[in-house]
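What follows is one structure encoded as structure tokens, with my remarks underneath.
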Amino acid sequence: MIVISRKTPAFAALLLTSTLPAFAGVLPEDRADVLYHRYDGGGVTIDGPSLLVRKSLKEKFSFSASYYVDMVSSASIDVETAGASEYKEERTQYGIGMDYLRGKATYTFGFTSSEENDYQADTAYFGISQDMFGDLTTVSLGFTRAWDTVQRNVGGSIDPGFLRRNDRRQYRVGVSQILTRNLIADASFEVITDQGFLNNPYRSVRFLATDGSAQLAAERYPGTRTSNALSVGTRYFLPYRAALKGHYRFFTDTWGIRSHTGELGYTHPLAGKWILEARLRYYSQTQADFYRDLFPTTNFQNFLARDKELSTFSSQTAGIGASYEFPGGRPRWVQKGTINLNFDYIWFDYDNFRDARVTGVPPGSEPLYSFNANVIQLFVSIWF
Amino acid sequence: MTTTIKLSLALTVTLLLSACSSVDPWVKPYERERLADIIMAADRNPVSSSYLHHVFEAREGARGAVGSAGGGCGCN
């Protein structure tokens, strides 16, 4: 198996933080979401369900439960370059959370567990949000701790001699500020530290053999990584009842990666029950210090990586969405509901990751790799 | 030099104490109707936005500080 992503814990924390209340002094609404997701690009198809349910109790507590599945079918460039055949696997993630409202502060606790046949990730989260200054300002603090266990499949079964661990800590501070009756701004800063086994046990680097051919060798990553991300954003209410949203993030880490992310969104309600959305996203990053598409030798440097996620590349995303609200009452406990369809198209263009599947040319002169991906989300939400 | 330090100290204490006093909001609660509109929500559909963040994070080197800081309109 060649796993496409080793970032499950970050997602687990993300799912938890995304369930933070939008208002520090108000609990989130009682709501249930059932979503079908599908990603298709670069020889990889991933689809599955996602569920998120929230229920409050005595206007003091709000409990949440989530369930998420990735069903992966992959014949990615990494799989093909390694000479492996298409594989299928499944990842399942469960989460529970609780919000406790006390005055103008909300305390959030959560835990998620993610399982694949060769990867286990447990994540615990704590956060606090506080409204202040006449409720114009909301300050949030968060801490996440994750414990990963990495194993390896060999010949279709788990290698009993291979077991590695990784510990991750995430520290987050954010502030949201009402600026005018039409404008809100927010900023957040997040530090993430990893210590343990950080590379993919299946992925290889390429190096130049003495006969001029390209050979494969195991990746070697550092055992620690610390990253810093700073983001700012605004939401503006346009005069004709529509919303314009902007977001920018700067990222840097101890592996030498620097990136910029910019997003623009436009939300337009139609008369009646429809809400339409359009969004654009731009992302670019520089490579990790120890990344190369082709190494001169296996001992060229201490750390070796040929993961395209660590290369220099950019991506652009264009997305649209539509939401239709239907009335509640059937059954009686349903207040209202929405049916939603989102579609995003992503272009990935790599600056120094070459398509090593191409033969007949000297190693290191293959064409640069690029691919496109479709992302579809269909979901139903009900409020009760 | 001593005077400068004392002045700086007095100014700092004044600023810190002023932060403890109540602030008269320049956008009153009854003026936040637009900010409370569903189209202005920081995260209108958490189940959807967290999935899309996951799609990006699994394919990019960057991580963290996505989405909103969790602030709202303070309308209640």
Side-chain angles (χ1 to χ4, degrees), chain A residues 4-5 7 10-11 14-15 18-20 22-23 25-26 33 35 37 39 50 52 129 131 133-136 138 140 170 174-176 178 180-182 184 186-190 192 227 229-231 233 235 237 242-243 249 251 257 259 261 267 269 275 283 285 309-310 340 342 375 377 379 381, chain B residues 7-76:
Chain A
I4 56 161
S5 170
K7 296 177 181 177
F11 173 54
L14 207 155
L15 197 66
S18 71
T19 58
L20 275 172
F23 311 93
V26 182
D33 302 272
L35 178 144
H37 59 85
Y39 169 94
S50 179
L52 178 61
S129 296
D131 281 347
F133 306 135
D135 296 344
L136 292 176
T138 303
S140 310
Q170 301 175 229
V175 60
S176 176
I178 292 176
T180 73
R181 61 178 66 184
N182 296 315
I184 297 180
D186 60 65
S188 67
F189 179 66
E190 185 163 356
I192 305 177
S227 65
L230 174 68
S231 72
R235 308 194 297 278
F237 191 94
R249 177 181 65 173
F251 170 91
I257 297 174
S259 92
T261 310
T267 308
I275 295 179
Y283 175 86
Q285 74 170 53
E309 294 161 27
L310 303 185
N340 309 269
N342 290 345
V375 182
Q377 301 172 70
F379 61 102
S381 307
Chain B
L7 277 173
S8 302
L9 194 62
L11 184 64
T12 305
V13 170
T14 306
L15 285 172
L16 286 174
L17 288 176
S18 69
C20 298
S21 64
S22 63
V23 173
D24 187 27
W26 61 86
V27 180
K28 307 293 184 191
Y30 56 82
E31 295 177 316
R32 301 175 193 173
E33 182 187 3
R34 293 171 181 171
L35 301 177
D37 193 311
I38 184 66
I39 64 170
M40 284 286 281
D43 191 1
R44 196 157 54 90
N45 296 304
V47 72
S48 168
S49 57
S50 60
Y51 167 69
L52 203 56
H53 290 316
H54 170 52
V55 167
F56 292 123
E57 192 161 296
R59 291 161 187 85
E60 297 172 348
R63 57 186 187 175
V66 293
S68 165
C73 76
C75 310
N76 291 278

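Every chain is numbered from 1 and lettered A, B, ... according to where its sequence line falls, protein lines coming before strand lines.
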Tell me the closest heavy-atom pair linking [X] and [Y], and the distance in Å.
{"X": "A:S50", "Y": "B:V47", "answer": "OG-CG2, 3.5 Å"}
{"X": "B:R63", "Y": "A:S227", "answer": "NE-OG, 2.9 Å"}
{"X": "B:N45", "Y": "A:S381", "answer": "OD1-OG, 4.3 Å"}
{"X": "A:G134", "Y": "B:P25", "answer": "O-CB, 3.9 Å"}
{"X": "A:Q377", "Y": "B:L52", "answer": "NE2-CD1, 4.1 Å"}

Next on the checklist: So which residue, A:T180, A:L310, A:N342, ends up with the most heavy-atom pairs under 4.5 Å with chain B?
Outcome noted: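 Result: the option with the highest number of such pairs is A:T180.
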Checklist entry - Is it the backbone or the side chain of A:S259 that comes under 4.5 Å from a heavy atom of chain B, or both, or neither? => result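 For A:S259, side-chain heavy atoms alone lie under 4.5 Å from chain B.
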Item to check | chain B contact via A:R249 - side chain, backbone, both or neither, heavy atoms under 4.5 Å | outcome: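 Just the side chain, heavy atoms under 4.5 Å.
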I need the [X] [atom1] to [Y] [atom2] distance, nearest 0.5 Å.
{"X": "A:N340", "Y": "B:R44", "atom1": "CG", "atom2": "CZ", "answer": "7.0 Å"}
{"X": "B:R32", "Y": "A:R181", "atom1": "CZ", "atom2": "CZ", "answer": "11.0 Å"}
{"X": "A:L136", "Y": "B:K28", "atom1": "CG", "atom2": "NZ", "answer": "9.0 Å"}
{"X": "B:L35", "Y": "A:I184", "atom1": "CG", "atom2": "CD1", "answer": "4.5 Å"}

Just by modelled atom types, is the [Y] backbone N or O under 3.5 Å from a matching donor or acceptor in the [X] side chain?
{"X": "A:Y283", "Y": "B:A62", "value": "yes"}
{"X": "A:R235", "Y": "B:M40", "value": "yes"}
{"X": "A:Q285", "Y": "B:G61", "value": "yes"}

Item to check | B:P29 vs A:D135 side-chain heavy atoms within contact, under 4.5 Å | outcome: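 No. Closest side-chain heavy atoms not under 4.5 Å.
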Checklist entry - Using a cut-off of under 4.5 Å for heavy-atom pairs, which of B:I39, B:V27, B:I38 has the most such pairs with chain A? => result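 Of the options given, most contacts go to B:I39.
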Checklist entry - Relative to A:Y39, does B:R59 satisfy both conditions: NZ or CZ under 6.0 angstrom from the six-membered ring centre, and within 45 degrees of the ring's axis? => result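 Flagged: B:R59 positioned over aromatic ring of A:Y39.
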